Amino acid sequence: MTTIRLHNTKTRRKEDFVPIDPANVRVYCCGPTVYDRAHLGNARPVVVFDVLFRLLRHVYGADHVTYVRNFTDVDDKINAKAAETGRPIRDITEETIAWYHADMDALGALRPTHEPRATDYIAQMIAMIQDLIARGHAYAAEGHVLFDVRSFADYGQLSGRSVDDMIAGARVEVAPYKRDPMDFVLWKPSSDDLPGWDSPWGRGRPGWHIECSAMSFELLGAGFDIHAGGIDLQFPHHENEIAQSCCAHPGAGFARYWLHNEMLQVEGKKMSKSLGNFFTVRDLLDKGIPGEVIRFVFLQTHYGKPMDWTAEKAAQAKATLRKWRGLVAGIEPAPSPAPAVVAALADDLNTAGAIAELHALTGDPAVLKASAALLGLLDDAMGDWAAAPAVDLSAHAAHLAALREAAMQSKDFAAVDAMKAALMAAGVEVRMSKAGVELLPGPGFDAARLPGLC
RNA sequence: GGCGGGUUGGCGGAGAGGUUACGCAGCGGAUUGCAAAUCCGUGAAGACCGGUUCGAUUCCGGUACCCGCCUCCA
């Protein structure tokens with residue numbers, strides 16, 4: 001069996017991946033807060049960990065992997081949007097989830113096994129918070145419940161920080177009811193105009209981190225294999241999840257392997273609203289950049305390195321994929337992918353290396369197609385963008401062939417060159433060889449610009 | 001201030017302590033009426049300074065610069 005190696009953020013080294021139960025490999029990935037369209041940066045972990053999902057399914061069997069990615073549908077950003085627009089919260093989250101699905105589907109990401117919503121697990125969160133209080137790791141104060149970071153000796157271990165260092169950095173909210181400035185909220189009170197649930201501490205809503213602890217426990221158990229997400233979540237989100245889960249379920253170990261993807265940049269700079277280079281996945285799709293092209297660009301960079309999105313990369317990726325799609329058109333995929341591609345992916349998801357191996361497979365389209373599938377590429381379902389326009393150019397081809405034949409005799413190629421130029425201007429690729437004339441509508445084909453046949 | 005990532009040939013981007021990465025572009029050739037497509041061949045690298053080593057772009061230490069997280073935006 002293939003041994004997968006993964007860089008574990010928790011230990012800061014590459015380790016052999018040994019699942020707790022090979023018959024049920026369990027992965028949790030932090031999903032989006034659903035208040036707006038997913039931007040390009042949101043898509044990187046989705047694509048990267050989709051490849052992990054595919055690899056695990058390949059190695060352990062499609063029915064032996066459970067992949068959970070949550071929707072955060074209770075959050076102050078959602079509340080703010082509701083207040084701003086006057087729309088019900090449920091409308092906003094439903095609409096945003098539908099957008100998210102459509103956009104991530106377009107990127108060729110498989111749907112996770114479970115996509116739990118935070119609001120469906122409020123009771124479980126309350127139970128976990130009660131348990132944490134009972135165990136002496138949390139305390140209620142002024143309608144809030146706070147996690148006591150000093151009660152968990154390993155707090156800061158994942159991100160390599162100590163509580164004292166962080167306080168020295170001093171950018172934490174100073175609330176009078178906190179025992180320690182680093183204590184974070186498990187539960188907070190809601191005013192009447194905000195979403196809230198009844199709890200032992202009054203009407204309120206959960207803090208951000210508790211949902212992932214509660215939902216991963218419900219769906220994957222107290223100990224599971226892999227926890228994934230963006231490196232920006234390493235602190236405080238994942239640190240706090242660990243604190244909550246390890247204190248609520250001592251000895252279970254929570255997640256064994258932590259995978260974090262580095263951030264995305266745009267043309268060398270951070271994508272941000274203030275720099276004006278902020279855009280969504282949908283913006284790119286609407287601009288005619290196929291989801292498969294976005295996916296290819298993402299996978300050209302190892303997930304652990306910052307990735308730079310550039311228009312140039314998108315153009316090159318599109319050309320490569322177009323070429324490959326030409327090779328595999330109508331080909332049945334081979335029964336299994338190339339071992340070199342599997343080996344590259346098994347080496348800490350070396351997607352760039354895997355793509356290099358795909359280049360070596362262009363002589364064997366069936367294996368190329370089967371191997372590309374592990375990366376979620378060259379799938380029939382997402383190839384419409386590369387399909388040649390269905391047009392019959394045989395009359396043009398015959399006409400051009402006739403002109404050419406005459407020119408061969410007369411040595412005057414003016415008419416041939418004129419027609420060739422006109423065809424090329426219409427986006428047709430013109431191939432003339434001793435075998436004859438071949439016309440292929442290209443990417444920029446425009447039937448309206450085809451030359452007449454006179 | 002604390003923590004983390006990066007720096008490879010014109011561009012993108014990997015692996016490996018010693019042997020060609022790969023892709024795109026370029027150049028040369030085959031082919032073509034000319035092209036296109038295709039095929040063959042080919043030059044070009046490892047931020048800087050030290051150390052370990054028979055040998056380092058690859059390991060170790062330091063410097064510089066870029067980027068991110070710690071703060072609403074991933």
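Predicted model, so just to flag it, every value in this text is computed and none were measured. Because only heavy atoms are used, hydrogens play no part in the values below, and waters and symmetry mates are left out as well, while side chains stay in. Sequence lines set the chain letters: A, B, ... in the order given, protein chains first and strands last, and positions in each chain run from 1.
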**Student:** Of the listed nucleotides (B:A14, B:A37, B:C22), which one gets closest to any side-chain atom of A:T301?
**Tutor:**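 The answer is B:A14.
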
**Student:** Could you walk me through whether A:F254 and A:F224 pass ring pair (Phe, Tyr, Trp, His ring centres under 6.0 Å), step by step?
**Tutor:** CA-CA 6 Å; A:F254 196 40; A:F224 56 94; 5.3 Å; yes

**Student:** For B:A21 versus B:A45, give the span between their P atoms, rounded off to a whole number of Å.
**Tutor:**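 Looking at atom P only, B:A21 and B:A45 are 11 Å apart.
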
**Student:** Which value, in whole Å, describes the distance between the C1' atoms of nucleotides B:U53 and B:G17?
**Tutor:**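 So the two C1' atoms sit 9 Å from each other.
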
**Student:** The side chain of A:P236 is closest to which nucleotide in this list: B:G33, B:C70, B:A14?
**Tutor:**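 Among the listed nucleotides, the one closest to the side chain of A:P236 is B:C70.
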
**Student:** Between A:F235 and A:S159, which has a closest nucleotide on RNA chain B that is more 5'?
**Tutor:**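 Closest to the 5' end, via its nearest nucleotide, is A:S159.
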
**Student:** Do A:D347 and B:G15 have a side chain to base donor-acceptor pair shorter than 3.5 Å?
**Tutor:**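 No, no donor-acceptor pair under 3.5 Å.
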
**Student:** Nearest to the side chain of A:P306, which nucleotide is it out of B:A21, B:G33, B:G5?
**Tutor:**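 Shortest atom-to-atom distance from the side chain points to B:G5.
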
**Student:** Would you measure the distance from the P atom in B:G4 across to the matching atom in B:U42 and give it in whole Å?
**Tutor:**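 B:G4 and B:U42 have their P atoms separated by 45 Å.
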
**Student:** Determine, stepwise, if the pair A:H101 / A:F71 fulfils ring pair (Phe, Tyr, Trp, His ring centres under 6.0 Å).
**Tutor:** CA-CA 11 Å; A:H101 275 146; A:F71 285 117; 5.6 Å; yes

**Student:** Does a donor on one side chain and an acceptor on the other come within less than 3.5 Å for A:T310 and A:D308?
**Tutor:**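 The answer is no; no qualifying pair exists.
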
**Student:** Show each protein N/O and nucleotides 43-47 of chain B N/O combination with a separation under 3.5 Å, one pair to a line.
**Tutor:**
none

**Student:** Salt bridge or not for A:R54 and A:D50, using N-O below 4.0 Å?
**Tutor:**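 Salt bridge present between A:R54 and A:D50.
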
**Student:** Under a 3.5 Å limit for both distances, which nucleotide forms a Watson-Crick or G-U wobble pair with B:C73, could you say?
**Tutor:**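 Across any shown strand, B:C73 pairs with none.
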
**Student:** Whether A:K305 contacts B:U7 is assessed here as follows: a side-chain N or O lying under 4.0 Å from the phosphate OP1 or OP2. Is that the case?
**Tutor:**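 Yes.
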
**Student:** Contact class for A:Q234 (heavy atom, under 4.0 Å): base, sugar-phosphate, or nothing?
**Tutor:**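 If one applies the 4.0 Å heavy-atom cut-off, A:Q234 turns out to touch nothing in the nucleic acid.
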
**Student:** Nearest to the side chain of A:Y35, heavy atoms from C-beta on, is which of B:A37, B:G23, B:C73?
**Tutor:**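 Nearest listed nucleotide: B:C73.
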
**Student:** Can you confirm whether or not the ring centre of A:Y303 sits under 6.0 Å from the ring centre of A:H7?
**Tutor:**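 Here the rings of A:H7 and A:Y303 have centres that are no less than 6.0 Å from each other.
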
**Student:** Can A:K14 and A:D347 be counted as an ion pair, charged N to O under 4.0 angstrom?
**Tutor:**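 Yes, this pair counts.
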
**Student:** Under 4.0 Å between any heavy atoms, over every strand shown, what does A:G304 touch: base, sugar-phosphate, or nothing? Just pick one.
**Tutor:**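 Since only primed, P, OP1 and OP2 atoms lie under 4.0 Å of A:G304, the category is sugar-phosphate.
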
**Student:** On a whole-Å scale, what distance lies between the P atoms belonging to B:C24 and B:G6?
**Tutor:**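 Their P atoms lie roughly 27 Å apart.
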
**Student:** Which listed nucleotide (B:C67, B:A36, B:A14) is nearest to the side chain of A:A352?
**Tutor:**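 The answer is B:A14, which lies nearest to the side chain.
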
**Student:** When the ring planes of A:F278 and A:H39 are compared, do they come out parallel, tilted or perpendicular, using 30° and 60° as the limits?
**Tutor:**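 Plane angle over 60°, so perpendicular.
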
**Student:** Taking the same atom, C1', in B:G55 and in B:G18, what whole-Å distance lies between them?
**Tutor:**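 Taking atom C1' in both B:G55 and B:G18, they lie 6 Å apart.
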
**Student:** Could you work out which one of B:A37, B:G33, B:C67 sits closest to the side chain of A:E429?
**Tutor:**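 Among the listed nucleotides, the one closest to the side chain of A:E429 is B:A37.
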
**Student:** Distance only, no hydrogens: is a donor on one side chain within 3.5 Å (strictly under) of an acceptor on the other, for A:T3 and A:D16?
**Tutor:**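 No donor-acceptor contact under 3.5 Å links the two side chains.
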
**Student:** If we ignore angles and hydrogens, is there a donor and acceptor under 3.5 Å between the side chains of A:Y155 and A:N240?
**Tutor:**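 A pair is found: one side chain offers a donor N or O, the other an acceptor, under 3.5 Å apart.
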
**Student:** What's the gap between B:C67 and B:U57 when it is taken at their P atoms, as a whole Å value?
**Tutor:**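 Here B:C67 and B:U57 have their P atoms 28 Å from each other.
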
**Student:** Who is the Watson-Crick or G-U wobble partner of B:U38, with both distances under 3.5 Å?
**Tutor:**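 With both distances under 3.5 Å, B:U38 matches B:A30.
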
**Student:** Is A:R205 paired with A:E211 through a side-chain N to carboxylate O contact shorter than 4.0 Å?
**Tutor:**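 Salt bridge flag = no for A:R205 with A:E211.
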
**Student:** Provide the distance between the two C1' atoms, one in B:U19 and one in B:U58, to the nearest whole Å.
**Tutor:**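 It comes out at 14 Å once rounded to the nearest Å.
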
**Student:** Choosing from B:U32, B:A21, B:A35, which nucleotide comes nearest the side chain of A:M432?
**Tutor:**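 My answer, after comparing the listed nucleotides, is B:A35.
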
**Student:** Check every atom of B:A14, B:C73, B:C67 against the side chain of A:H302 and return the nucleotide holding the closest atom.
**Tutor:**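 Selected nucleotide (nearest to the side chain): B:A14.
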
**Student:** Specify the separation, in whole Å, of atom CG of A:L233 and atom P of B:C73.
**Tutor:**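 Atom-to-atom, A:L233 to B:C73, this comes out as 10 Å.
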
**Student:** Can you tell me the Watson-Crick or wobble partner of B:A64, both distances under 3.5 angstrom?
**Tutor:**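 B:A64 is paired with B:U7.
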
**Student:** Taking 4.0 angstrom as the limit, do A:R295 and A:D379 come out as a salt bridge?
**Tutor:**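 Result for this pair is no, no salt bridge flagged.
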
**Student:** Rounding to the closest angstrom, what is the interatomic distance between B:G23 and B:G5 at atom P?
**Tutor:**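 Between the two P atoms, the distance is 31 Å.
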
**Student:** In terms of side-chain heavy atoms of A:D417, which of B:U32, B:C70, B:G33 is nearest?
**Tutor:**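 Minimum distance to the A:D417 side chain belongs to B:G33.
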
**Student:** Starting at the 5' end of RNA chain B and moving along, which residue's nearest nucleotide shows up first, A:M408 or A:L264?
**Tutor:**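 Closest to the 5' end, via its nearest nucleotide, is A:M408.
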
**Student:** Taking 4.0 Å as the cut-off, does a side-chain nitrogen or oxygen of A:R12 come that near to OP1 or OP2 on B:G4?
**Tutor:**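 Result: yes.
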
**Student:** Can you sort out which residues in residues 309-327 of chain A have a heavy atom within less than 4.0 Å of RNA chain B? Ascending by number, please.
**Tutor:**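 Residues of residues 309-327 of chain A that come under 4.0 Å of RNA chain B are, in numerical order, A:K313, A:Q316, A:K323.
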
**Student:** Charged N to carboxylate O below 4.0 Å: is that the case for A:E262 and A:K305?
**Tutor:**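 Looking at A:E262 and A:K305, the cut-off is not met.
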
